[in-house]
Undergrad: 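Sharing a structure here in structure tokens format.
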Amino acid sequence: MKVTVNVDEKNEETKVIICCQKMTPTIENIIVMLQMFNQQLSVTKDGENYLLDVNQISYIETLERKTFVYTEESIYESNLRLYEMEEQLCQSGFLRVSKSCLVHLKFIQSIKKDIERKLRLTMKNGEQIMVSRQYADGIKKRLGVI
């Protein structure tokens with residue numbers, strides 16, 4: 001891979017151009033990382049509002065009609081529904097793993113087959129998340145294990 005940077009004071013905005021023979025998982029990951037840059041999500045905790053950097057979020061889960069946003073250090077709540085989060089974050093490395101959960105790919109440590117064609121994801125913080133059968137093939141394909 002060759003990286004070229006052209007610095008020109010006449011440029012009004014920063015532009016990234018990727019030239020490649022074909023789309024590969026590596027290129028897709030580069031695109032996702034570029035799209036995540038400076039993306040933030042509005043969340044609340046203990047009555048205070050925060051702007052949370054998307055890169056800090058390990059997964060998002062809906063429980064009892066509330067949407068919770070998990071980082072390695074804390075748990076926040078969001079007013080958005082899970083499908084709205086999915087729409088916002090699908091290009092930022094998040095995948096739906098069940099009806100009630102989105103997972104950030106960069107926080108997955110390992111993946112293991114479980115009973116009835118389900119998958120078990122172990123996150124970098126040690127938490128385990130079940131992937132339902134409905135989403136298992138998509139996860140395997142996205143992670144390159146198919």
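Only a predicted model underlies this, so the values are computations on that prediction, with no experimental measurement involved.
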Undergrad: Testing Arg117, Glu116, Lys118 one by one against Asp114 for a side-chain contact (heavy atoms from CB on, under 4.5 Å), which residue passes?
TA: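 Only one of Arg117, Glu116, Lys118 forms a side-chain contact (heavy atoms from CB on, under 4.5 Å) with Asp114, namely Lys118.
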
Undergrad: If you measure from OG1 on Thr62 to OH on Tyr83, what distance do you get to the nearest 0.5 Å?
TA: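 With rounding to 0.5 Å, OG1 (Thr62) is 11.5 Å from OH (Tyr83).
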
Undergrad: Taking all non-hydrogen atoms of both residues into account, name the closest pair between Lys113 and Leu119 and its distance.
TA: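 Looking at all heavy atoms of both residues, the shortest contact is CA-CD2, 4.0 Å.
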
Undergrad: Is Ser42 reaching over with its side chain to a backbone N or O of Leu51, donor-acceptor style, under 3.5 angstrom?
TA: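 No; zero donor-acceptor contacts below 3.5 Å.
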
Undergrad: Does Phe94 reach the side chain of Met85, with side-chain heavy atoms less than 4.5 Å apart?
TA: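 No, their side chains stay 4.5 Å or more apart.
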
Undergrad: Do Gln40 and Leu52 come close enough that some side-chain heavy atom pair is under 4.5 Å?
TA: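 SC-SC contact between Gln40 and Leu52 ruled out.
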
Undergrad: Got a sec, which residues hit side-chain contact (heavy atoms from CB on, under 4.5 Å) with Ile75, two or more places apart in sequence or on another chain?
TA: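 Ile75 satisfies side-chain contact (heavy atoms from CB on, under 4.5 Å) with Phe68, Tyr70 only.
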
Undergrad: Are Leu41 and Leu80 close enough that some pair of their side-chain heavy atoms sits under 4.5 Å apart?
TA: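 Result yes, sub-4.5 Å side-chain heavy-atom pair found.
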
Undergrad: Do you see a donor-acceptor pair shorter than 3.5 Å between the side chains of Gln39 and Ser92?
TA: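 Judged by distance alone, the side chains do pair up.
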
Undergrad: Keeping to residues at least two apart or across chains, list the salt bridge (charged side-chain N to carboxylate O under 4.0 Å, His left out) pairs with something in residues 77-91.
TA: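 Output for this query lists Glu86-Arg96.
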
Undergrad: Under the ring pair (Phe, Tyr, Trp, His ring centres under 6.0 Å) rule, what pairs show up with a residue in residues 120-143, not counting sequence neighbours?
TA: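 Listed once each, the pairs would be none.
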
Undergrad: Enumerate, atom names and distances included, each donor-acceptor pair closer than 3.5 Å involving a side-chain atom of residues 7-27, sequence neighbours excluded.
TA:
{"from": "Asp8", "atom 1": "OD1", "to": "Lys10", "atom 2": "N", "distance (Å)": "3.0"}
{"from": "Thr24", "atom 1": "OG1", "to": "Ile27", "atom 2": "N", "distance (Å)": "3.2"}

Undergrad: Rounded to the nearest 0.5 Å, what separates atom CD in Glu127 from atom CD1 in Ile129?
TA: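 Those atoms lie 6.5 Å apart.
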
Undergrad: By side chain to side chain donor-acceptor pair (under 3.5 Å), which residues pair with Lys45, not counting sequence neighbours?
TA: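 Testing Lys45 for side chain to side chain donor-acceptor pair (under 3.5 Å), a comparison that skips the adjacent residues, returns Ser74.
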
Undergrad: How long is the gap from OH on Tyr76 to CG on Asp46, to the nearest 0.5 Å?
TA: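 Taking OH in Tyr76 and CG in Asp46, the distance rounds to 9.5 Å.
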
Undergrad: Can you name the side-chain contact (heavy atoms from CB on, under 4.5 Å) partners of Thr4, sequence neighbours left out?
TA: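 In terms of side-chain contact (heavy atoms from CB on, under 4.5 Å), with neighbours along the sequence ignored, Thr4 is linked to Lys2, Asn6.
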
Undergrad: Show the nearest heavy-atom pair for residues Leu82 and Cys101, with the distance to one decimal.
TA: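 Closest pair (atom of Leu82, atom of Cys101, distance): CD2-N, 3.4 Å.
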
Undergrad: Are side-chain heavy atoms of Val43 and Val69 found at a separation under 4.5 Å?
TA: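 A side-chain contact under 4.5 Å exists here.
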
Undergrad: Under the 3.5 angstrom rule, does the side chain of His104 hit a backbone N or O of Ile57 as a donor-acceptor pair?
TA: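 Here the side-chain-to-backbone pair exists.
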
Undergrad: Rounded to the nearest 0.5 Å, how far does CE of Met123 lie from CD of Glu72?
TA: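 So the gap between those two atoms works out to 9.0 Å.
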
Undergrad: Taking a hydrophobic cluster as the set of Ile, Leu, Val, Met, Phe, Trp and Tyr residues connected by side-chain heavy atoms closer than 4.5 Å, whether directly or through intermediates, do Met130 and Leu105 fall within one such cluster?
TA: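 They do not share one cluster, since no chain of ILVMFWY contacts under 4.5 Å joins Met130 to Leu105.
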
Undergrad: Measure the OH-OG1 distance between Tyr50 and Thr71 for me, rounded to the nearest 0.5 Å.
TA: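 Here the rounded value is 11.0 Å.
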
Undergrad: Given side chains that start at C-beta, do those of Val103 and Val131 come closer than 4.5 Å, heavy atoms only?
TA: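 The answer is no, as the side chains (C-beta and beyond) never meet within the 4.5 Å cut-off.
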
Undergrad: Shortest non-hydrogen contact from Ser132 to Ser98?
TA: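 Here Ser132 and Ser98 meet closest at OG-CA, 3.9 Å.
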
Undergrad: Quick one: NZ on Lys112 to CZ on Arg120, what's the gap to the nearest 0.5 Å?
TA: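 Taking NZ in Lys112 and CZ in Arg120, the distance rounds to 7.0 Å.
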
